[in-house]
Structures are given as structure tokens and as C-alpha cells.
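First the structure, in the form of C-alpha cells, and then the observations on it.
Residue numbering restarts at 1 for every chain, and letters A, B, ... go by the order of the sequence lines.
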Amino acid sequence: MYLDFEKPIQDLEGKLAEMKQIADDSDVDVSQEVKSLEEKIKTLKKDIYSNLTRWQKVQLSRHPDRPYTLDYIENICDQFIELHGDRVVKDDKAIVGGFAEIDGNSFMIIGHQKGKNTKMRQVRNFGMANPDGYRKALRLMRVAEKFNKPIITFIDTPGAYCGLEAEERGQGEAIARNIKEMFMLKVPVICIIIGEGASGGALGIAIGDKVLMLENTWYSVISPESCSSILWRTWEHKERAAEALKLTAEDMLKFKLIDGIVKEPLGGAHADRESMYKKLKKVILDTTAALQKVDPEQRISDRIDKFSAMGVVEDLAPAAEITE
Amino acid sequence: MTTSWYKRTQKGISTPTEEKREVPDGLWYQCPECKKVIQTSVHMENAYVCPECNYHARVGSKEYFSLLFDENTFEELDANLTSGDPLEFNDSVPYPNRVKASQAKTGLKDAVRSAAGKMNNVDVVIACMDFTFIGGSMGSVVGEKIARAIDAARARKVPFIMISKSGGARMMEAGYSLMQMAKTSAKLALLDKEGLPYISLMTDPTTGGVTASYAMLGDFNIAEPGALIGFAGPRVVKETIGKDLPPGFQSAEFLLEHGFLDFIVDRREMKDQLSSLLELLK
């Protein structure tokens with residue numbers, strides 16, 4: 001599948017396929033032409049993907065071929081035992097979690113999960129978790145803490161679910177509790193935005209010692225579409241909204257609201273899955289090793305200090321005054 | 001005959017008295033719920049609650065401080081924090097202009113005020129949101145002032161009371177707004193550690209990122225009668241499920257019934273109830 005801005009690539013790749021077909025069907029030697037076309041495509045890709053607008057990055061973050069949480073787990077981990085349920089109401093399929101093994105180390109991995117086809121997208125509720133999902137996540141984090149295993153979370157959600165039952169069962173309370181409790185976890189916590197990081201639904205599993213974003217992802221308080229509909233009463237201005245929100249990995253790092261960016265292969269994580277998995281595996285192992293050198297109490301206080309410093313305010317006159 | 005000019009020959013040209021809204025400021029108050037008209041001074045003395053139907057009118061930090069602090073005496077904290085514009089957010093109006101306009105209109109610096117003082121002789125720190133300032137939205141200033149208010153409660157070793165009234169996070173501060181949810185929750189975790197009480201009072205309306213952070217994190221979550229409280233606003237929920245919402249959905253009473261509130265408090269009894277609760281914890 002090609003996105004709108006990938007059209008020139010699509011055209012050239014179409015031409016290339018055609019040319020190869022001709023070569024197969026006849027004795028004409030087109031190897032020179034094929035080679036030059038391949039070069040051209042490579043240059044074009046470099047040019048397009050290194051000049052993406054914010055909205056184009058949002059599009060890439062939602063690319064249907066992009067790896068989801070279970071893809072990373074399957075391809076990075078040597079073993080994964082999924083654990084289900086919040087022990088209160090149900091098992092929310094929009095958030096998955098369980099113990100995993102990577103190169104002989106145990107981890108608790110938790111993440112939003114989107115579906116790959118129409119049926120699974122419904123089962124996964126498009127990656128929009130209910131309170132039960134956040135409570136399952138917290139339950140699993142507690143288990144990880146008990147056994148002193150580091151926690152990795154993968155964030156990929158268009159937002160927490162806004163349904164009737166979500167409200168009845170306390171969506172706000174569930175997210176709030178996770179945020180607060182995650183600050184006090186004694187084990188290392190690494191949070192990685194692998195696709196969409198929409199608002200409270202993302203933050204509910206995104207309080208960590210290191211919060212990283214993949215290169216072509218977004219993380220903000222609202223989606224560009226919803227922002228556009230609030231500001232201009234239509235979803236049409238999503239490009240402008242994306243620009244205004246400054247929601248890319250680069251923006252968020254510049255604002256010191258995240259700790260780092262994980263580069264993606266040219267064309268996005270889905271363009272070369274193997275190298276993406278390899279890279280993320282190394283990031284996870286290296287980051288965990290570094291965090292494990294820090295004393296748990298220190299880690300907690302660093303985590304709190306980091307988030308406490310976020311925000312920009314101006315103090316016009318520092319002195320407090322007595323009123324009335 | 002000129003007198004016929006004064007006669008109403010046609011029906012329906014006059015507005016029924018109970019629907020007339022323009023009463024002179026400072027004299028009369030009309031309850032938007034039951035349409036009863038009472039003297040403003042009576043309404044004020046009744047804690048801005050309608051004596052007829054018990055409707056709790058939306059009021060701001062000025063009113064809550066005067067209702068809760070003994071003799072309306074308090075030390076305001078961080079009174080001069082105002083917003084920056086790190087995103088240079090510009091929709092139809094540049095964000096700093098929006099803030100300035102709201103400051104001029106309300107006389108407030110941002111959507112929360114915090115203060116330390118005594119409530120029935122119990123030392124407390126109270127932070128209270130103002131809905132009139134950009135819909136009580138939470139940006140960096142709101143987050144920072146609440147964080148500092150919690151720090152003040154910790155430094156003074158006194159309980160913290162948060163009065164929420166907000167549409168949620170402030171879109172114009174995007175990522176920064178989102179992280180205020182994290183910042184305030186982090187500070188509340190520290191308050192927990194020191195064994196200091198936190199009372200979260202939710203008033204009409206409390207939604208979005210505020211609900212999904214400090215508002216729901218009280219040792220005691222309480223609300224005023226009839227207050228709208230939710231994560232998603234009712235319009236969004238309605239659009240999501242494609243059905244009409246049941247009556248009373250997301251009201252304080254609904255939340256109490258579903259187990260998310262400890263109790264609902266009448267504003268006229270609020271001060272005594274809160275201080276009695278805090279006395280029990282001493």
C-alpha cells in the first residue's frame with residue numbers, strides 16, 4: 001500500500017516491475033536500465049522520507065503494514081507467555097501483556113494492540129483500550145515488580161475508548177491510577193511509542209525512566225483530526241492541525257517531553273521490518289542495562305523529577321502575598 | 001384612542017416572566033434550572049445554591065476560597081505564574097493573545113489559583129480551578145501551580161484539597177498539556193508517601209485529562225450534586241456509541257452509584273464536612 005505522498009515512488013516501482021517483466025518475456029537486455037531505475041528510486045525515497053511533513057509522519061504512524069506490539073514481541077523475544085485479564089471485569093484485547101525472554105533476560109512487556117484485518121480490528125477495538133485494559137496493565141506491572149523484572153511498554157493507540165461502559169467503569173480513574181502508580185514502580189520502565197500516542201490513552205502506560213519514540217510516530221494531547229474539528233469545525237484541516245500541535249518525535253524531543261528517538265529504516269518501520277526489530281531489540285537491551293545500574297530509589301526520584309520539570313511558565317513576580 | 005396602545009390585543013408577544021433572563025446585575029439572580037428569581041444577596045449567602053431546587057451554580061476560586069477559608073483569609077501561592085508560548089500555537093488567534101484576552105476578561109492569570117490557610121481552624125492548602133479562564137483548561141501553568149501547591153502542602157505537612165472544574169487539557173499547549181497529567185500525579189504520589197490527606201472535590205464540569213489525572217486520585221473523591229464528571233464529554237460518548245445517553249449519565253450521582261465517589265457534598269455543608277473528615281485523620 002502506498003500513501004498519497006508516496007505516489008512518485010509507486011510510479012517508478014511500477015515502471016521497474018514492468019521493465020523486469022519485459023526482460024523476463026523477451027531476450028532484450030535491460031539490466032542497465034533496471035540498474036539506473038533502481039538508483040533513481042533509491043534517491044527519490046531518500047528525498048521524500050527525509051523531508052516528511054508532520055502530517056505525513058502521522059500517516060506513516062498509521063500505515064496498515066506497520067509492525068504492531070505483537071509483531072515486535074514475536075520477532076524480538078525468544079519466548080513470550082501472554083497473561084490475560086484485569087481480575088475484575090474482563091480481558092481487554094486492546095492491550096496485551098506478558099512475560100518475555102530476550103537473550104536470556106526476562107521482561108514484562110505490555111502494549112496497545114491493533115488488529116490486522118477487519119475482524120481483528122474490531123476484536124482489538126482499533127487499539128482503543130477500556131478501563132479494563134489499563135487495569136490489566138497495572139496488574140501486570142505489579143507482578144513484574146514483585147519478581148523484579150524490567151517493564152517495557154509499547155504505545156500505539158488513537159486514544160482511550162470513549163464508550164458508555166468505559167465511562168461506567170471509570171476510564172478517567174483507571175488512567176489516572178496507572179499514571180500515579182507507574183511513578184512508584186521499583187523496576188526499570190521503558191516506554192516506546194511505536195505508532196500513535198494519543199493523549200491520556202497513551203500516557204496511561206507511558207510513565208517511564210526512558211520514554212522513546214520511533215522516528216515516524218506522533219504523541220500529543222489530541223489527534224490532528226480532533227484538533228481540526230475543534231478549531232475549524234471540520235476534519236479537513238488535519239495537516240494544519242498536525243503542524244500546530246508539533247507532535248512528531250523530533251518536536252517532542254526538542255521540547256524535552258521524551259528522552260530519545262529510535263531511527264526507522266528508510267520508508268518507515270514496515271519498509272524493512274527485520275532491521276527495525278533488530279534495532280529495537282538492541283535499544284531495549286542497552287537501555288535496560290543502563291537503567292539497571294541505577295539504584296531503584298534513585299530511578300524513582302529521577303523519573304518524578306523528569307516529569308515534574310515538564311512545562312513552560314513565566315513567573316512575573318516571585319513573591320507570595322497575603323490577600324484580604 | 002391612545003389608551004388602546006397600551007392594551008395587548010395580540011397574544012404571545014410578551015415573554016413569560018420565568019423565561020426572562022435579563023435581571024439587573026447585583027440585584028436579582030435567576031436559577032437556570034428552576035427559573036426561580038431570588039435576590040443575588042440571598043443566593044450568595046446560600047453558597048450560590050438555589051434555595052428552591054438545590055441547583056449548584058458554577059462559581060470560581062474567589063467564591064470557593066471565601067466559602068472554605070476562615071474569615072476569607074489565605075495566603076495565595078504562585079499568584080504570578082503565567083503561560084509561555086513554546087509551541088507558537090496559532091489557530092485563528094495566536095495563543096498569547098487568547099491568554100491575554102482571557103486575563104483581561106476574568107482578572108485571573110490562568111485557570112487555577114492556589115492558597116494556604118485555615119478551614120475551621122485546620123491548616124490546609126487548596127487549589128481551585130476557574131472555568132471562566134479558557135474553559136478551565138489545563139496547560140503548563142495549571143499543572144505547575146497544582147504541583148507547587150502539593151509541594152507546599154508537603155512542606156507545611158498539611159492536607160491538600162483540589163477543587164476541579166475543567167474541560168480537560170489545553171489543546172494549545174499540546175504535548176506540554178498532556179505531561180501536566182503526569183506531573184501532578186507524580187506529586188500526588190509523593191504526597192501519599194508522606195501520609196498527607198488529599199481530598200479531590202469535583203465540580204461541574206470535570207472532564208478529560210483532569211479527570212484522568214489528579215481529580216480521580218483523591219484519598220477521598222467527592223463531588224457537588226449534579227456535577228458532570230467524565231473522561232470523554234457526553235457529546236463524544238454519544239457520537240461513539242451512536243445512541244442517546246441514559247438520563248443522569250456522568251452526573252455525580254451516577255459516579256457515586258458506580259463506585260467512583262466517596263460521597264456527594266452540598267456546598268452549604270462543604271466546609272464543615274471537609275474539616276470534620278480531616279479532623280478524623282489527625
Side-chain angles (χ1 to χ4, degrees), chain A residues 160-164 166-177 179-184 199-200 202-204 206-207 219-222 227 230-232 240-241 244-247 251-252 255 257-258 303-305 307-324, chain B residues 72-87 89-92 115 139-141 143-144 147 169-171 173-183 185-190 208-209 211-217 230-232 236-237 240-241 243 245 249-250 258-260:
Chain A
Y161 192 55
C162 293
L164 188 115
E167 293 293 320
E168 278 179 352
R169 296 200 292 270
Q171 187 70 286
E173 194 273 347
I175 292 171
R177 180 154 311 281
I179 295 172
K180 190 175 94 171
E181 301 292 324
M182 285 183 84
F183 276 108
M184 288 302 176
S199 202
L203 195 65
I207 304 297
Y219 191 13
S220 193
V221 77
I222 191 167
C227 175
I230 290 173
L231 290 180
W232 298 289
R240 204 175 147 195
L245 288 169
K246 301 199 167 56
L247 39 56
D251 294 322
M252 291 294 279
F255 298 146
L257 299 176
I258 59 162
R303 201 184 293 153
I304 291 174
D305 289 348
F307 281 93
S308 297
M310 293 178 184
V312 173
V313 297
E314 285 166 21
D315 202 344
L316 298 180
E321 50 193 289
I322 310 283
T323 339
E324 234 173 305
Chain B
N72 197 20
T73 301
F74 53 87
E75 174 196 346
E76 184 157 355
L77 308 169
D78 307 300
N80 294 302
L81 285 199
T82 61
S83 190
D85 183 24
L87 273 77
F89 197 96
N90 189 348
D91 44 293
S92 48
S140 296
V141 175
E144 181 66 22
R170 187 174 295 170
M171 194 169 61
E173 290 190 36
Y176 286 103
S177 299
L178 182 63
M179 296 309 164
Q180 304 313 307
M181 295 168 65
K183 179 199 280 187
S185 305
K187 294 291 184 181
L188 289 171
L190 292 174
T211 304
S213 58
Y214 52 85
M216 276 292 168
L217 291 174
F231 174 64
V236 175
V237 178
T240 303
I241 63 170
K243 275 188 276 189
L245 302 172
F249 182 66
Q250 297 184 315
H258 283 88
F260 291 97

* Please report the shortest heavy-atom distance between A/I207 and B/A182, naming the atom on each side. => CD1-CB, 3.7 Å

* At what distance, to the nearest 0.5 angstrom, does CZ of B/F231 lie from CD of A/E167? -> 8.0 Å

* **Region of A/F183 in contact with chain B, defined by heavy-atom distances below 4.5 Å** => side chain

* Check whether B/K243 gets within reach of chain A through its side chain, its backbone, both or neither, counting any heavy atom under 4.5 Å. => neither

* **Choice from B/V236, B/N90, B/L245, B/T211 maximising heavy atom contacts with chain A below 4.5 Å** => B/T211

* Check whether B/S83 gets within reach of chain A through its side chain, its backbone, both or neither, counting any heavy atom under 4.5 Å. => backbone

* From CA spacing to verdict: side-chain contact (heavy atoms from CB on, under 4.5 Å), B/E144, A/V312 -> CA-CA 9 Å; B/E144 181 66 22; A/V312 173; over 6 Å; no

* Please report the shortest heavy-atom distance between B/M179 and A/M252, naming the atom on each side. => CE-CE, 4.1 Å

* Asked: Picking from A/I175, A/L164, A/I304, which has the most non-hydrogen pairs under 4.5 angstrom with chain B?
  -> A/L164

* Structure fact -> Looking only at A/A241, A/C227, A/G200, most heavy-atom pairs under 4.5 Å shared with chain B are made by A/C227

* Structure fact -> Heavy-atom closest pair (B/M171 atom, A/L245 atom, distance to 0.1 Å) is O-CD2, 3.9 Å

* Results of salt bridge (charged side-chain N to carboxylate O under 4.0 Å, His left out) for A/R177 - residues two or more places apart only -> A/E173, A/E181

* Asked: Contact part of A/F255 toward chain B, heavy-atom cut-off under 4.5 Å: side chain, backbone, both or neither?
  -> both

* To do: Select, from B/S185, B/S213, B/G209, the one with the greatest count of heavy-atom pairs under 4.5 Å involving chain A.
  => B/S185

* Structure fact -> Note: B/K187 and A/S308 closest approach over all heavy atoms is CE-OG, 3.6 Å

* Structure fact -> Applying a strict 4.5 Å limit to non-hydrogen atoms, the region of B/L217 in contact with chain A is both

* **Shortest non-hydrogen separation from A/A244 to B/F89 and the atoms involved** => O-CD1, 3.4 Å

* Structure fact -> Turns out that what part of B/F249 lies under 4.5 Å from chain A's heavy atoms comes down to side chain

* Distance in Å, A/M184 CE paired with B/L190 CG, rounded so as to fall on 0.5 Å steps -> 5.0 Å

* Asked: Got a sec, which residues hit side-chain hydrogen bond (donor to acceptor under 3.5 Å, both in side chains) with A/R240, two or more places apart in sequence or on another chain?
  -> none

* Do you know the tightest heavy-atom contact between B/A174 and A/S220? -> CB-OG, 3.6 Å

